[in-house]
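Naming convention: chains lettered A, B, ... in sequence-line order (proteins, then strands); numbering from 1 in each chain.
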Amino acid sequence: MQSCDLSRPPSWHRLWGKARPIEGSTGAWHPLWKHALDVAAVGQALLDARPAFRDRLATALGQDAETARRWLPYLLALHDLGKAARGFQAKVPALWAEDLLGPFPEAAGADPGHPALGAGLLELFLPQACPGWDQDGYQAVFGAVFGHHGRPVAWDVEERAFRREDKRQARAYIETMRALFAPPDVPEPQARAKASLLLAGFAVLADWLGSNQAYFPYDPAEEAVAAYWSKARRHALLAVTEARLSPTPPAPPLRFTALTGGRFAPSAVQRWAEETPLPPGPSLTIIEDITGAGKTEAAVILAQRLLAAGRARGIYLGLPTQATANALHQRLRGLAGKLFEGPEPPSVSLIHGAAWLARPTSPHEGDSAAESAAWLGQSNRHRLFSDLGVGTLDQALLAVLPVKHQALRLHALADRILIVDEAHAYDAYTFAALERLTAFQALLGGSMIVLSATLTDLQKQRLARAWGTPLPSRPPPDYPLVTHLAETATEIPCAPRPDRVRSIAVRRLASVAAVCAEIRAVQARGAAVAWVRNTVDDVLAAQTALAAEGVAAQVFHARFAQADRHTVETDVVARFGPAAPAASRRGRVLVATQVIEQSLDVDFDLLISDLAPADLLIQRAGRLWRHLRPPEARPLPQPEMLILSPDPAQVASAHWGRDLLPGGFHVYDNPRVLWRTAAALFASGRLATPQDVRGLINRVYAPDDAPDDPPPLVDPAGRAQAQDWADRAFANGNLLDPLAGYSLGNKPWSKEADISTRLTQETSRVRLMRWQAGALQPWAAAADPAHAWALSELRVSRTRLAAAPPPPEVPAAALADLRARWGRYDADCLPLLLSPSPEAGLFTATVADARGRLGTASYTPTLGLILPRA
DNA sequence: AAGAAAAAAAAA
Ligand SMILES: [Fe+3]
Ligand SMILES: [Fe+3]
């Protein structure tokens, strides 16, 4: 048969595979068969560059490594089989090959897409393509490569969808590939789900790189199959290397002193990370210790040792917020060179939705194939393949949700040590997603390190169960604690870092007036004070109340335009940060929401907080006497946290606390958690860290009724717990099932816009702007308009702000034009037109709440957005 | 009515 003569072009040479030439391309189109070979060659080069991955994949397939190396390129070559069908070929009429396909079709039928066409065609040639396999086997393995457009295929295209010419060309396609690759007869896959998941991401990666015209230029010339295959392999080698997809060699196992420059002695946890014998296979390590004890350094040491031992080829650090990711990326960027040692410096990426704001270039910049040296920088999905990635956990969680190209993310992570920082910082829905990610990582053979200050026993058990190594029903009470899960579970109590051991006083304040009086008194003595409140409205009310008593307080919350929030944050850190001179903090008062709970390195002489769950109070207390200052520089005799709280001894009804803190009791909706927190802290009058942490957290979050719990709070607590269960159930409906492998299952793949890594109340994305000189100007200034608009943005509950009728002088066309310039993903932002008011620095705008009631909102750069009272 | 937090462009 002519198509099998490797010294000639195949009979189906004229079928096109690609027809979108880049600028400067010499060829106008690329033959389908050449594209198939390009992708197969990239796959083989990737396997050769990453023997550990090759072996993992081979084992899942039930093949030995050498067989897999010969068989997988054949499999990849078939990924675009559906492009041989007339339905696809008709998309470019000028390239229609009438001699191969018959007359050009008059009416285009419904287009199921070439991935689905490929699946349909394969089913017509099973005895040739995969002799002896049953349906589960071929759908798992071939389905993984047909799903290279990011979603699994449905296998719903039937034989009657094809004509004789379709089948003839598909047969020729398969015969050419069998002749070239001579695929060995292989058994059905050993571990179907695992094999399909590993393959799906691998196929996408090979297809993306094999479609890069910088390495695989369009080449419509007729050419011997064997000759082009050698060419493709050379190109593939270069492409894999330059895209930085071959592993960077790790440095020899790193010592703590080498990482930190020897300024500190390692803590017990850090010594463990440095010295513990490594298990032969994948492992999950959970490190529990207080914030600031150096857990991240311990994790990096352990991760690097795992790299050096060949357990993975990179590291991804997932954090709860973009801001913490930015900060950690800054910190680690300079250290990355110590983790790897290659001829080139390791690739390091910041990975989250707003990372483009932190980079010099504009968003979604033209990823012309010519700058393929920057292949990793093309999108966040590409960046996950960096040697060291620092970003939000959400970027990793998208690997276990039914969204496009999740398998690519999974593929990147399976080869990396996944470090999850601040694992306690997630709600029920997102924590369920983290559990699922843990299960996927365990299945695919990746390793994980989870860090937390305040994980409950239940959360820890859930992670362990997801990993597949259950913990004893009562984990040890020790803290700090390392829990190490490999084949078996080991728990290693560690001594705390001596300089982090302390005890602070805790005292209850019963009213807002009492708080104001206390602030006035200590301000007079020169103390720097922070009052952490639970809602923005409460912060603004406190600022007003303090002002009435002659105390000028600075406010900080999240209802600022990004640019102003950044200014306030910089100012707060300058005033209360480690470098702040005594004079700048003396007698200063800050009233803030939860924005100062995390990641800000600030220090106060006195900390006041509205009652909040114990873990958050511990977090807030971390801002009290945080920095080392001589005692005589402290205007107060001891570190003390004051808590504005109802009296836990007086619980008359389920309404407890709602008169004093209505907003706070809505935000933290389990009053039993709040009551237990108050009862425990006020009974002892002290908070000792780290020793009290474990007991307090487990007591406060115990799922069952405790003897002391006030009966009126039992029902509301039950409702709050039921909500958590509902959120988990909703998550489980969305989250992919590892045992289902790469398949559609019953998951909501088609509703990608509704799939999220977090479960939230509806919010409005508001962009502040002004009407000036006949144009809409962003509130914030920046050289690049995309930056300026992003910096002018804030988020606010949709219930409070759902619409904003523009002033009459602004033409509707200007707003429509603006939305068009914002583009697809930002067009839903709400333009909020600020008008200057008689008061200097104060701007106003008309707003409507979700029920359409109009009111006047005001904005200032120091107070933020003030909404009309509900 | 009420917090903070995240995400989102491909391989014709
Ligand atoms: Fe394709
Ligand atoms: Fe392709």
Side chain of A:Gln378, base of B:dA11: donor and acceptor closer than 3.5 Å?
yes
Separation of atom [atom1] in [X] from atom [atom2] in [N], rounded to whole Å:
X: A:Gln395; N: B:dA7; atom1: CD; atom2: P; value: 5 Å
X: A:His114; N: B:dA11; atom1: NE2; atom2: P; value: 8 Å
X: A:Trp29; N: B:dA11; atom1: CH2; atom2: C1'; value: 18 Å
X: A:Leu865; N: B:dG3; atom1: CG; atom2: C1'; value: 15 Å
X: A:Ile596; N: B:dG3; atom1: CD1; atom2: P; value: 16 Å
X: A:Gln213; N: B:dA11; atom1: CD; atom2: P; value: 14 Å
X: A:Asn212; N: B:dA10; atom1: CG; atom2: P; value: 16 Å
X: A:Glu422; N: B:dA4; atom1: CD; atom2: P; value: 17 Å

For residues 76-83 of chain A, tabulate all N or O donor-acceptor pairs below 3.5 Å that involve a side-chain atom, not counting sequence neighbours.
residue	atom	partner	partner atom	Å
A:His79	ND1	A:Leu76	O	2.8
A:His79	NE2	A:His35	NE2	3.2
A:His79	NE2	A:Asp207	OD1	3.0
A:Asp80	OD1	A:His114	NE2	2.9
A:Asp80	OD1	A:His148	NE2	3.0
A:Asp80	OD2	A:His35	NE2	3.0
A:Asp80	OD2	A:Lys83	NZ	3.2
A:Lys83	NZ	A:Gly17	O	3.0

With heavy atoms under 4.0 Å as the rule, sort [X] into base, sugar-phosphate or nothing.
X: A:Tyr668; value: base
X: A:Ala558; value: sugar-phosphate
X: A:Val92; value: nothing
X: A:Arg658; value: nothing
X: A:Ser756; value: base
X: A:Leu398; value: sugar-phosphate
X: A:Arg798; value: nothing
X: A:Glu597; value: nothing

Would one find a side-chain N or O of [X] under 4.0 angstrom from OP1 or OP2 of [N]?
X: A:Gln761; N: B:dA5; result: no
X: A:Arg559; N: B:dA5; result: no
X: A:His79; N: B:dA11; result: no
X: A:Ser379; N: B:dA9; result: no
X: A:Lys404; N: B:dA10; result: yes

Residue pair A:Ser797/A:Ala354 against DNA chain B: nearer the 5' end by closest nucleotide is A:Ser797
Please enumerate all residues that pass salt bridge (charged side-chain N to carboxylate O under 4.0 Å, His left out) together with A:Arg86, with sequence neighbours excluded.
none
State which of [options] makes the closest approach to the side chain of [X].
X: A:His382; options: B:dA11, B:dA1, B:dA6; result: B:dA11
X: A:Arg381; options: B:dA11, B:dA9, B:dA5; result: B:dA9
X: A:Thr392; options: B:dA7, B:dA5, B:dG3; result: B:dA7
X: A:Thr760; options: B:dA11, B:dA5, B:dG3; result: B:dA5
X: A:Tyr825; options: B:dA7, B:dA9, B:dA4; result: B:dA9

Do A:Trp16 and A:Phe88 have their ring centres less than 6.0 Å from each other?
yes
Within the 6.0 Å centroid threshold, strictly below: A:Trp29 and A:Tyr218:
no
Do A:Glu752 and A:Lys404 meet the salt-bridge criterion of a basic N to acidic O distance under 4.0 Å?
no
Ring of A:Trp822, cation from A:Arg767 - is the NZ or CZ under 6.0 Å from the centre and inside 45° of the axis?
yes
